[in-house]
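Whatever order the structure lists them in is the order used to number ligands and atoms, beginning at 1. Since we're looking at a predicted model, the values are computed, not measured. Residues: numbered from 1 along the sequence shown.
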Amino acid sequence: FPERPLEGCHALVTAGPTHEPIDPVRVIANRSSGKQGFAIAAALARLGARVTLVSGPVSLATPPGVARVDVETAREMLDACLAALPAEIAVCVAAVADWRVESEAAGKIKKDADGPPVLRLVENPDILATLARPGPQRPRLVIGFAAETDHLLEHAAAKRVRKGADWLVANSVGAGSGVFGGDTNAVTLLTATGTDSWPALPKDEVAGRLAARIASALSGALS
Ligand code: C5P
């Protein structure tokens, strides 16, 4: 097994939350820390891949050997991903906001007699589904994540197919799981041919295992 089996491969990784502006000072956000995505970017780089890490707002250092592109919104994240293609590998770990406010207020929304504002939301683009769409630019291996609170494997299996991903990494984020912002993660890897459940592991180790699995899939047939 070569030490840098991904030498010559370009890997695109998304990580962190997105921030969707409400007005110049307020955003819709989520609790993603970016830790798992950053760990995956680092692990792929250690195996020799050229890594582009498209990151939402997080407070994490860029891993060695990784080219980082910082973005705020889902639409910026999509644009940065498309600009980074071609890539052999895409790992979408970012917790992309499903919705954004239809039109960002130009000035800070004031508290006034009309009462609280009503925000109209519109759907954001799905970056994973876009990258997974068949076409000449489609990475050979497209991997998604699914954080679910219930019916984990059922929902994850359906999501893998619906989004067109080759693999889906499912993790349970129910109350008390400590996954968000924590350092460990218990995941199940779903492929077209089966599932593989890993014990609770440090996020770095989940990343290392996933990167090794990616390297062996790309050296043989995708499985
Ligand atoms: O639908 P859900 O958000 O649970 O799907 C999770 C997977 O889809 C993750 O891999 C996430 O990065 C990706 N995703 C995306 N763009 C979105 C929503 C989710 O890339 N707008």
Is C92 close to ligand 1, meaning an N/O of one under 3.5 Å from an N/O of the other?
yes

Given side chains that start at C-beta, do those of P57 and E72 come closer than 4.5 Å, heavy atoms only?
yes

Hey, are R120 and E102 close enough for a salt bridge, meaning a charged N less than 4.0 Å from a carboxylate O?
yes

Measure the shortest side-chain to side-chain distance between R213 and W167 over non-hydrogen atoms and say whether it is less than 4.5 angstrom.
yes

What is the nearest protein non-hydrogen atom to atom 21 (N) of ligand 1, stated with its residue, atom name and distance?
P125 O, 2.8 Å

Answer yes or no: does an N/O atom from L128 fall short of 3.5 Å to an N/O atom of ligand 1?
yes

Considering only NZ, NE, NH1 and NH2 on the basic side and carboxylate oxygens on the acidic side, decide whether K159 and E148 come within less than 4.0 Å.
yes

Filtering K163, R100, R162, H155 for the heavy atom nearest atom 19 (C) of ligand 1 leaves K163

V96 N/O to ligand 1 N/O under 3.5 Å
no

Check this for me: does any side-chain nitrogen of one of D23 and K110 sit under 4.0 Å from a carboxylate oxygen of the other?
no

Give me the residue, atom name and distance of the protein heavy atom closest to atom 7 (C) of ligand 1.
F145 O, 2.8 Å

Checking heavy atoms under 4.0 Å, the part of N124 that sits near ligand 1 is neither

Got an N/O contact under 3.5 Å between A95 and ligand 1?
no

May I ask you to identify the nearest protein heavy atom to atom 16 (N) of ligand 1, giving residue, atom name and distance to one decimal place in Å?
I127 N, 2.9 Å

Drop me the distance from L201's CG to L210's CG, to the nearest 0.5 angstrom.
12.0 Å

For ligand 1, is there an N or O atom under 3.5 Å from any N or O atom of A94?
yes

Around atom 4 (O) of ligand 1, find the nearest protein heavy atom and jot down its residue, atom name and distance.
K159 NZ, 2.3 Å

State whether W198 and R209 meet the cation-pi test: NZ (Lys) or CZ (Arg) under 6.0 Å from the six-membered ring centroid, and within 45° of the perpendicular axis.
yes

Heavy-atom neighbours of R75 CZ exceed 12 at 6.0 Å
no

